[in-house]
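What follows is a single structure, written as structure tokens, with notes after it.
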2 protein chains.
Amino acid sequence: MADITSEGPSEHLGATGHSLPAASDDRPSSLVDLIGYIELFYFAYRDFTCDPDAILAQYGFGRAHHRVLHFVHRIPGLKVAELLDILKITKQSLARVLKQLVDEGFIIQKAGNEDRRERRLYLSAKGARLNDKLTQIQAKRIEGALANLGPGADALARNFLFGMITEKNRPQVETLIKGQRADTSEAVPDCNT
Amino acid sequence: MADITSEGPSEHLGATGHSLPAASDDRPSSLVDLIGYIELFYFAYRDFTCDPDAILAQYGFGRAHHRVLHFVHRIPGLKVAELLDILKITKQSLARVLKQLVDEGFIIQKAGNEDRRERRLYLSAKGARLNDKLTQIQAKRIEGALANLGPGADALARNFLFGMITEKNRPQVETLIKGQRADTSEAVPDCNT
DNA sequence: ACGTTATGTCAGCCATGTTGACTTATTGGC
DNA sequence: GCCAATAAGTCAACATGGCTGACATAACGT
């Protein structure tokens, strides 16, 4: 299969004007029907992240900084260990960007009240301002994408994305989405299985 | 807004069992309602890419190799310049991974028939086999995500992702999704605007 | 007092993106 | 047939953000 002399994929994603056609009718979606998703997901994510990237670059920051800002905003008083569990990166990777954000006054660290070893993380006003900018530009893109779809699209799009997440990670994400601290015990550490 | 002393986000994404709730009813989706998408998109993309990453690692390859394999499979005889237009990376970045793929026999280069300066790219049988593995594992995840949603979910999910793509890039992606060579003239070069 | 825990830090590696400059082969127009 | 333009390859150098393993410090709890 997939002979190099083949003439290329022959799915008939006919050009029905402006909307993308789904997998043809009622046939179970074949592998070849789903290839488009791989591309759509890639291009969508690339454009989704490029808006904030452009803003962050003005501050000398990158995507990694964005993630830290985002989750600290989401869960004020987040502990470093919790952030590591969410991002699933190493202490060292986090330390690099976190130090910058703290040094430049975007994030504030406070020792925990009950356990003073903990460094609880908070956004400063400056950090909140930057994060708001990033959130707004991404929200605008999402709104635009939803606007052209019917009602019910919101719930369905959320559930589609949620279903793309590895099953064991879903409880953690679901909790996180509510802005709550997540129990990470079941989430997969590396990749899957 | 977003005071550091705030108690955190207070959206009521109530836990309605297993499915994620959409933005509450009919109110226009507020900024805070859309934050969940940012997280869902991040986690979904992370898990989506981790399956192929694990396989690629066995070959000493990375995500960049995957993209090359994918698009060469999609459009056999792709020119290097076309690939650069699709991936929007620099010649140097592409050269590194492409050279590896060619040297190790996953991709075959043939001078163009009409213009022998062109290097048309094709998958070898070996390359096709690897690409199939990667496609299949990702297709399985997509199928799983769609399976739990109603009919019509396929079209809607595709259109949602398509809508997330920067408008100027959509014609290129639409053409690509059909497995055709894309006219890239309107697509945005760097990021947006 | 001591082992555990939370965090920070050091040195160094890898993948993949970037730039600018230069080479080579080939084409197509004159 | 000459020559500018084009397709591609290549070199050196750099940035970001992952990774590892090892070790330091401070605070907690028994």
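Chain letters run A, B, ... following the sequence lines, proteins first, then strands; residues in each count from 1.
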### Task
Determine, stepwise, if the pair A:I75 / A:L176 fulfils side-chain contact (heavy atoms from CB on, under 4.5 Å).
CA-CA 9 Å; A:I75 308 178; A:L176 223 41; 3.5 Å; yes
### Task
Using a cut-off of 6.0 Å, state whether more than 12 heavy atoms not belonging to A:K110 lie near its atom NZ.
no
## Note on the structure
Picking from C:dT9, C:dT26, D:dA8, the nucleotide nearest the side-chain atoms of B:R116 would be C:dT26
### Task
Please report the shortest heavy-atom distance between A:L94 and A:V68, naming the atom on each side.
CD1-CG2, 3.7 Å
### Distance below 4.0 Å between B:S93 side-chain N/O and C:dT16 OP1 or OP2
no
### Query
Whole Å only: how far is the CG atom of A:L84 from the P atom of D:dG18?
12 Å
### Query
Could a donor-acceptor pair under 3.5 angstrom be found where the side chain of B:R96 meets the base of C:dG17?
yes
### Message
In this structure, how many angstroms lie between the P atom of D:dC19 and the NZ atom of A:K88, rounded?
### Response
12 Å
### Query
Counting only side-chain N and O atoms of A:H65, is one of them less than 4.0 Å from OP1 or OP2 of D:dT16?
no
### Message
How many whole angstroms separate atom CG of A:D53 from atom P of D:dA15?
### Response
18 Å
### Task
Name the nucleic acid region contacted by B:R67, choosing base, sugar-phosphate or nothing; use a 4.0 angstrom heavy-atom cut-off, strictly under.
sugar-phosphate
### Query
Contact class for A:K91 vs. all strands (heavy atom < 4.0 Å): base, sugar-phosphate, or nothing?
base
### Task
Return the nearest nucleotide to the side chain of B:V97; candidates are D:dG18, D:dA8, C:dT16.
C:dT16
### Task
Check the distance between D:dA8's P and B:L83's CG and give it to me in whole angstrom.
10 Å
### Query
Are OP1 or OP2 of C:dT18 and a side-chain N or O of B:T90 less than 4.0 angstrom apart?
yes
### Message
Could you check whether B:Y45 and A:F48 have their ring centres less than 6.0 Å apart?
### Response
no
### Query
Does A:R117 make a side-chain donor-acceptor contact with the base of C:dT5, cut-off 3.5 Å?
yes
### Message
Under 4.0 Å, counting only non-hydrogen atoms across every strand here, what does A:Q109 touch: a base, just sugar-phosphate, or nothing?
### Response
sugar-phosphate
### Query
What distance separates B:D51 CG from B:K133 NZ, expressed to the nearest 0.5 Å?
13.0 Å
### Query
Which whole-number value in Å describes the distance from B:L87 CG to C:dA15 P?
19 Å
### Message
In this structure, how many angstroms lie between the C1' atom of C:dT4 and the CG atom of A:D115, rounded?
### Response
12 Å
### Message
I need the CG-C1' distance between A:D190 and D:dT20, as an integer number of Å.
### Response
13 Å
## Note on the structure
Comparing A:N113 with A:G60, nearest DNA chain D nucleotide closer to 5' gives the residue A:G60
### Query
What is the distance from CG of B:D85 to C1' of D:dT6, rounded to the nearest Å?
14 Å
